[in-house]
Protein chains: 2
Amino acid sequence: MRVVIARCQVDYAGRLTAHLPMATRVIMVKADGSVLVHSDGGSYKPLNWMSPPCTLREEVAEDGVTEWTVSAAKSDDTLRIRIEKVLHDTSHDLGVDPGLRKDGVEKHLQELLAEHTTTLGEGMSLVRREYMTAIGPVDLLCRDAAGAAVAVEIKRRGEIDGVEQLTRYLELMNRDPQLRPVRGVFAAQEIKPQARVLAEDRGIRCVVVNYDELRGIDDPSLRLF
Amino acid sequence: MRVVIARCQVDYAGRLTAHLPMATRVIMVKADGSVLVHSDGGSYKPLNWMSPPCTLREEVAEDGVTEWTVSAAKSDDTLRIRIEKVLHDTSHDLGVDPGLRKDGVEKHLQELLAEHTTTLGEGMSLVRREYMTAIGPVDLLCRDAAGAAVAVEIKRRGEIDGVEQLTRYLELMNRDPQLRPVRGVFAAQEIKPQARVLAEDRGIRCVVVNYDELRGIDDPSLRLF
DNA sequence: AGGTCAATCTCGCCT
DNA sequence: AGGCGAGGTTGACCT
């Protein structure tokens with residue numbers, strides 16, 4: 001890992017062209033040759049970058065200006081960095097990172113709801129998770145108290161595209177004489193008003209689920225019986 | 001901008017929880033207090049981070065281990081960094097960045113197609129760009145050789161959600177006696193097979209457009225007449 | 001401020 | 001390897 005702080009001008013040409021005027025920025029060069037150009041603001045996205053696999057060529061022009069050319073290995077994307085003045089330049093061997101452990105995403109929510117289907121409606125029981133259809137897997141297939149099929153789409157945040165997804169599944173599943181009629185349930189930790197309106201307009205029930213509460217139900221140490 | 005290279009352990013708690021075991025990494029602290037933790041690989045996304053607005057508190061524990069606590073201003077997201085050993089620590093004032101100039105994205109493609117509507121079909125003419133409907137603007141409203149309305153959705157890469165978007169527009173527009181019947185055209189530089197199947201199943205025509213070719217047509221220096 | 005949509009998206013999973 | 005969906009998405013633009 002090399003970190004350079006320098007006054008530089010950056011030009012990218014590839015899927016689009018992008019230009020950064022001369023200014024002071026941080027340039028990170030990773031062990032795999034990839035390059036990130038960061039300013040002192042914005043979020044985690046660099047102003048400009050080159051993803052691996054790529055190669056970095058360093059040249060010094062006649063006028064003494066250093067120019068870096070970073071070329072992508074699989075396309076003709078290039079990043080050109082003209083360096084006017086280097087304020088800082090340091091390199092360190094970081095080694096291979098042990099990597100990130102995550103918890104609490106949609107998959108976990110699906111597991112919890114699969115175990116506690118009554119959260120989705122009284123008398124609801126699970127048929128199977130990831131029920132496969134021709135256009136993709138439905139998160140949960142259930143049966144309600146009356147024995148009718150219910151397709152459940154689970155999102156962390158419920159937005160319009162999730163309702164569209166569920167609608168496509170329902171349209172397809174309702175053509176299957178073995179299954180129909182199939183109702184839809186849209187379950188999320190939070191459902192945007194527009195998504196709720198669209199869902200309810202299509203006869204899809206919206207269920208807001210409390211992740212912490214579900215996790216609490218599921219936590220053996222919190223069970224009383 | 002402060003750049004620290006250190007052996008550290010990182011824990012994030014917020015929308016999810018994430019843990020990074022002790023290892024050597026680069027930590028960037030931007031002027032607005034935001035923090036990025038990078039390893040020597042991956043793409044531009046940090047292993048862990050805190051977006052602004054946030055505050056950074058630095059504490060030294062009894063055992064001499066430094067702990068940074070980065071807290072988001074608007075939520076209770078926190079990033080905890082335990083620093084075992086600092087290999088490098090430098091700060092520089094970068095000033096405000098003049099910012100990025102981009103060219104060649106979807107908007108430009110829309111401009112080009114608006115000027116060359118025959119690319120979308122013989123005898124096609126433009127009615128207007130960004131034709132407003134109750135659920136949002138249709139990229140292009142055209143009329144075909146026979147004078148019938150055509151709604152055009154433009155994407156750089158044509159995927160299913162683009163077809164859904166166009167379908168919603170068509171459904172709405174076909175309720176308008178002034179407009180109907182309205183046909184749909186899905187135009188993109190590249191159309192994914194699944195999106196094409198869905199579009200054609202719904203009677204939407206798919207048109208693959210060549211951006212460079214269109215730009216060539218539009219470039220005055222390349223015009224012969 | 002909030003909603004919508006694109007992105008040089010990145011990342012992970014699955015076929 | 002390619003397709004597909006999610007993201008602590010981020011960012012830009014509009015209302």
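Chain letters run A, B, ... following the sequence lines, proteins first and then strands; every chain starts at 1.
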Test of understanding: with side chain to side chain contact (heavy atoms under 4.5 Å, CB included), list the residues that count as partners of A:Glu67, not counting sequence neighbours. A:Thr69, A:Arg80, A:Arg82
Which residues pass the side-chain hydrogen bond (donor to acceptor under 3.5 Å, both in side chains) test with B:Asp176, not counting sequence neighbours? none
Using whole Å, what does the distance between atom C1' of nucleotide D:dA6 and atom CG of A:Asp139 come to? 11 Å
A:Thr24: what forms a side-chain hydrogen bond (donor to acceptor under 3.5 Å, both in side chains) with it, not counting sequence neighbours? none
Pairs in or reaching into residues 195-204 of chain A: which pass salt bridge (charged side-chain N to carboxylate O under 4.0 Å, His left out), with residues at least two apart or in two chains? A:Glu164-A:Arg202, A:Arg196-A:Glu200
A:Leu36 CG to D:dT10 P, in whole Å, measures 16 Å
For the pair made of CG in B:Asp32 and C1' in D:dG11, what is the distance, rounded to whole Å? 15 Å
Applying side-chain hydrogen bond (donor to acceptor under 3.5 Å, both in side chains) to B:Asp97 and not counting sequence neighbours gives A:Arg25
So what is the 5' to 3' dot-bracket string for DNA chain D, if pairs are Watson-Crick or G-U wobble with both distances under 3.5 Å, crossing pairs use [ ] and | means the partner sits on another strand? |||||||.|||||||
Starting from P on D:dG2, measure out to NZ on A:Lys74 and report it in whole angstrom. 8 Å
Contacts under 3.5 angstrom, residues 40-48 of chain A side chains, donor-acceptor by atom type, not counting sequence neighbours:
unit_1, atom_1, unit_2, atom_2, d
A:Asp40, OD1, B:Ala31, N, 2.4
A:Asp40, OD2, B:Met1, N, 2.8
A:Ser43, OG, B:Ser51, OG, 3.3

Between the protein and nucleotides 9-13 of chain C, are there any N/O to N/O pairs under 3.5 Å, and if so, what are the atom names and distances?
unit_1, atom_1, unit_2, atom_2, d
C:dC9, OP1, A:Arg15, NH1, 2.4
C:dC9, OP1, A:Arg15, NH2, 3.0
C:dC9, OP2, A:Arg15, NH1, 2.8
C:dC9, OP2, B:Arg156, NH2, 2.4
C:dT10, OP1, A:Ser51, OG, 3.1

Partner residues of B:His19 under the ring-ring contact (aromatic ring centres under 6.0 Å, His included) criterion, sequence neighbours left out: none
In this structure, how many angstroms lie between the P atom of D:dT9 and the CG atom of B:Asp77, rounded? 9 Å
Integer angstrom distance from the P of D:dG11 to that of C:dC11: 15 Å
Give the rounded distance in Å between these two atoms: CZ of B:Arg196 and P of D:dG3. 13 Å
Starting at CD of A:Glu153 and ending at P of D:dA6, how long is that distance when rounded to a whole Å? 7 Å
Distance-minimising heavy-atom pair for B:Gly158 and B:Ala195: O-CB, 3.6 Å
Cationic N near anionic O, under 4.0 Å, A:Asp89 to A:Arg2: yes
With sugar-phosphate meaning primed atoms plus P, OP1 and OP2, does A:Met50 contact a base, only sugar-phosphate, or nothing at under 4.0 Å between heavy atoms? nothing
Starting at atom CD of A:Gln165, determine the distance to atom P of D:dG3, rounded to an integer number of angstrom. 19 Å
Map B:Ala195 and B:Gly14 onto DNA chain D by nearest heavy atom, then report which one ends up closer to the 5' terminus. B:Ala195
